[in-house]
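For clarity, every value in this text was computed on a predicted model and none was experimentally measured. We name chains A, B, ... by the order of the sequence lines, and we start the count at 1 in each one.
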Amino acid sequence: MERIVLGLSGGVDSSVAAYLLKKQGFEVVGLYMINWKETVGTLSGECPYEDDLLIAELVARKLDIEFHSVDLSDRYRERVVDYMFSEYEHGRTPNPDVLCNREIKFDAFLEAANRFGADKVATGHYCRKEVITDVNGKPIYRLLAGSDPNKDQSYFLCQLSQDQLSKALFPVGDIEKPEVRRIAEELGLATAFKRDSQGICFVGKVDLPVFLQQKLDKKMGEVVEIPSDLKAYARMMPENADERLRKQAKPYFYRKKDGRVVGSHQGAHFYTVGQRKGLGIGGFDNPLFVLATDVQENLIFVGEGVDHPGLYRKTLKINLEDCHWIRTDLALNVGESVRYEVRIRYRQPLQKATLHLLEDGLFIDFDIPQQSITPGQFAVWYSNDEVIGSGVISD
RNA sequence: UGUCUCAUGGUGUAAUGGUAGCACUACAGUUUUUGGUACUGUCUGUCUAGGUUCGAAUCCUGGUGAGACAA
């Protein structure tokens with residue numbers, strides 16, 4: 001009987017995943033991962049993980065599976081939290097959960113699983129895995145969207161490697177959320193009616209702006225409104241196709257003199273592109289959206305209305321070193337192009353685009369201009385249901 | 001100093017005699033295993049002191065404040 005370590009989080013998805021694995025005949029070991037122990041910033045200084053640990057243990061007992069916990073908080077801090085703050089400090093908007101999967105759940109956690117006698121790990125992610133073989137009979141692992149289009153979490157696994165994927169199992173990927181709930185209820189699991197978790201796993205109940213304010217310094221700066229008829233928006237496009245891509249992918253660069261000061265803020269690094277709330281500036285006919293931030297000058301540039309041209313761009317660039325192919329066999333060579341569907345944030349409907357690999361980076365050229373392309377976020381390209389690759393949007 | 005205009009919630013405005021509406025902001029909730037977005041809901045107001053009137057944001061007088069023109 002094959003031994004599998006399952007990440008039991010104390011949520012309903014991993015609980016049911018445990019049950020399904022067991023039903024499939026695996027010897028399941030539930031392993032609770034502690035990745036954050038700090039109590040600062042949490043409500044009423046509660047221990048952030050004790051409740052979930054207890055619930056996970058309860059579920060394990062109910063399902064009659066072996067249960068342990070493992071403390072990965074040092075690793076988590078190094079690989080996820082430090083990255084997160086560093087990105088914010090540089091004016092980018094990180095996705096800690098993508099990193100958490102790449103660096104923790106399918107790395108450090110996998111190592112821990114090995115110590116518990118398993119060489120594969122399972123999680124409660126809503127996504128699927130398939131194996132095909134290449135011409136030499138070598139296996140190729142495919143990462144597919146979860147069957148429930150409403151809960152598909154393949155986006156968060158976009159940075160996994162073939163090696164990581166080869167050791168992963170996603171038991172709930174081919175069933176839908178309501179079914180998961182139903183199974184949990186039928187089994188009488190403690191998690192059956194527990195509400196879905198949301199927000200960065202470790203921050204828990206605290207909202208991110210508050211958390212960031214505790215970690216990053218405040219620095220008063222100005223908010224500059226950019227008119228929608230700025231001449232930079234009517235930029236001339238070069239004839240050469242590659243040059244045009246490069247130019248289209250370049251974010252608009254604003255200076256204070258391009259607009260007028262309409263307010264102040266407490267630190268440009270607290271804001272992200274496309275953000276509407278939190279500026280505290282009223283009196284306009286339409287809401288203001290953040291077009292860009294400049295952490296060097298500590299300026300925030302905003303535009304009025306969802307239709308502001310500064311909010312849209314047709315092309316984005318991913319630096320070569322940030323370009324990751326899950327399907328390494330489908331990786332582009334310099335000079336090649338391919339049609340895929342792309343999303344630039346979790347749950348965004350897939351957008352048709354053409355990927356062009358040039359000497360200086362991967363350029364994703366969308367059929368339709370995209371709103372709020374945000375540096376630091378991950379662009380993920382799909383072929384139908386399959387995640388082909390991903391990369392960090394450059395600035 | 002003179003003349004004129006204006007003064008509505010945090011902001012921008014609507015209602016010119018019948019008990020104040022809209023947008024933005026803020027807040028709350030929903031959606032969401034990132035951030036953000038989106039959706040729903042809620043709060044806050046007639047500069048001040050008098051007067052006219054059954055009744056005033058709306059008319060009259062004084063005050064205070066802001067702007068424009070005038071030298």
| field | Base-pairing assignment for B:U1 (Watson-Crick or G-U wobble, both under 3.5 Å) | value | B:A70
| request: Scan A:Tyr88 against the nucleic acid and name what it touches under 4.0 Å (heavy atoms): base, sugar-phosphate only, or nothing. | output: sugar-phosphate
| query | Within this structure, what is the OH-to-C1' distance between A:Tyr346 and B:U34, rounded to whole angstrom? | reply | 10 Å
| query | Between B:U34, B:G35, B:A38, which nucleotide has the shortest distance from any of its atoms to the side chain of A:Arg276? | reply | B:A38
| Rounded interatomic separation in angstrom, taking NE2 from A:His308 and C1' from B:U37 | 17 Å
| request: Tell me the partner of B:G55, counting only Watson-Crick (N1-N3 plus N6-O4 or O6-N4) or G-U wobble (N1-O2 and O6-N3) with both under 3.5 Å; none if nothing fits. | output: none
| request: With C1' as the reference atom in both, quote the distance from B:C69 to B:U13 in angstrom, rounded to an integer. | output: 26 Å
| request: Assign A:Leu279 to base, sugar-phosphate, or nothing according to its heavy-atom contacts below 4.0 angstrom with the strands shown. | output: sugar-phosphate
| query | Side chain of A:Gln348, base of B:U37: donor and acceptor closer than 3.5 Å? | reply | no
| field | For B:U37, the Watson-Crick or wobble counterpart (both distances under 3.5 Å) | value | none
| query | Charged N to carboxylate O below 4.0 Å: is that the case for A:Lys177 and A:Asp13? | reply | yes
| Pairwise C1' distance for B:U8 and B:A66, with rounding to whole Å | 15 Å
| task | Compute both the distance and the angle, then confirm whether A:Arg3 meets the cation-pi test with A:Phe116: under 6.0 Å from the six-membered ring centre, within 45 degrees of the axis. | result | no
| query | Roughly how far apart, to the nearest Å, are B:C43 and B:G21 at atom C1'? | reply | 16 Å
| note | Paired to B:C43 by Watson-Crick or G-U wobble criteria (both distances under 3.5 Å) is none
| message | Taking B:U46 as the reference, what is the distance to B:U19 when you measure between their C1' atoms (whole Å, please)? | response | 12 Å
| query | Side-chain heavy atoms under 4.5 angstrom apart, residues restricted to Ile, Leu, Val, Met, Phe, Trp, Tyr: same cluster for A:Leu144 and A:Tyr155? | reply | no
| Quick one: is B:G36 close enough that its OP1 or OP2 comes under 4.0 Å of any side-chain N or O from A:Tyr271? | no
| query | A:Ile300 CD1 to B:U25 P: how many Å, rounded? | reply | 15 Å
| message | For A:Ile281 and A:Thr123, find the nucleotide of RNA chain B closest to each by heavy atoms; which residue's nucleotide sits nearer the 5' end? | response | A:Ile281
| message | Using the P atom as the point on both nucleotides, what is the distance between B:U58 and B:A15, in whole Å? | response | 15 Å
| query | To the side chain of A:Phe284, which of B:U31, B:C24, B:U33 is closest? | reply | B:C24
| note | pair_partner(B:C24), Watson-Crick or wobble, both distances < 3.5 Å, evaluates to B:G10
| query | Between B:U31, B:A26, B:G35, which nucleotide gets closest to the side-chain atoms of A:Lys277? | reply | B:A26
| request: Can you tell me the distance, in whole Å, between the CZ atom of A:Phe85 and the C1' atom of B:G35? | output: 13 Å
| query | What does B:U48 pair with, Watson-Crick or G-U, if both distances are under 3.5 Å? | reply | B:G62
| query | Is there a donor-acceptor contact under 3.5 Å linking the side chains of A:Glu103 and A:Gln159? | reply | no
| field | Span that lies between the P atom of B:G29 and that of B:G35, in whole angstrom | value | 15 Å
| said: Run the ring pair (Phe, Tyr, Trp, His ring centres under 6.0 Å) test on A:Phe67 and A:Tyr32 for me, step by step, so that the C-alpha distance in whole Å, both residues' side-chain angles and the decisive distance to 0.1 Å come before the verdict. | reply: CA-CA 8 Å; A:Phe67 180 77; A:Tyr32 184 89; 7.1 Å; no
| field | Out of B:U31, B:G35, B:C24, whichever nucleotide has its closest atom nearest the side chain of A:Arg347 | value | B:U31
| message | Suppose we call two aromatic rings close when their centres sit under 6.0 Å apart. Are A:Phe378 and A:His324 close by that rule? | response | no
| task | Could you work out the separation of B:U44 and B:U34 based on their C1' atoms and round it to a whole Å? | result | 34 Å
| task | Check whether any side-chain N or O of A:Arg195 sits under 4.0 Å from OP1 or OP2 of B:U31, and answer yes or no. | result | yes
| Which is true for A:Gly263 with a 4.0 Å heavy-atom rule: it touches a base, it touches only sugar-phosphate, or it touches nothing? | nothing
| said: Classify the ring geometry of A:Phe301 against A:Tyr254: parallel below 30°, tilted from 30° to 60°, perpendicular beyond 60°. | reply: tilted
| task | Among the candidates B:A38, B:U33, B:G36, find the nucleotide nearest to the side-chain atoms of A:Lys105. | result | B:U33
| message | In whole Å, I'd like the distance from the OH atom of A:Tyr76 to the P atom of B:U34. | response | 11 Å
| message | Using the side-chain heavy atoms of A:Lys151, tell me which of these nucleotides is nearest: B:G36, B:G35, B:U33. | response | B:U33
| Considering only the C1' atoms, how many Å lie between B:G55 and B:C59, rounded to the nearest integer? | 13 Å
| task | Tell me the partner of B:G17, counting only Watson-Crick (N1-N3 plus N6-O4 or O6-N4) or G-U wobble (N1-O2 and O6-N3) with both under 3.5 Å; none if nothing fits. | result | none
| task | Give a yes-or-no answer on whether the side chains of A:Ser154 and A:Tyr382 include a donor-acceptor pair shorter than 3.5 Å. | result | yes
| query | If you check every side-chain atom of A:Thr374, which of B:U34, B:G35, B:U31 has the closest atom? | reply | B:G35
| A:Tyr155 has an atom OH; how far is it from atom P of B:U37, in whole Å? | 16 Å
| remark: Atom NE2 of A:His269 and atom P of B:G36 are separated, to the nearest Å, by 15 Å
| remark: Per nearest nucleotide of RNA chain B, the residue lying toward the 5' end, A:Asn101 or A:Asn286, is A:Asn286
| Closest listed nucleotide, where the reference is the side chain of A:Thr272 and the choices are B:U33, B:A38, B:G35 | B:G35
| said: Expressed as a whole number of angstroms, how long is the span from A:Asp285:CG to B:U13:P? | reply: 10 Å
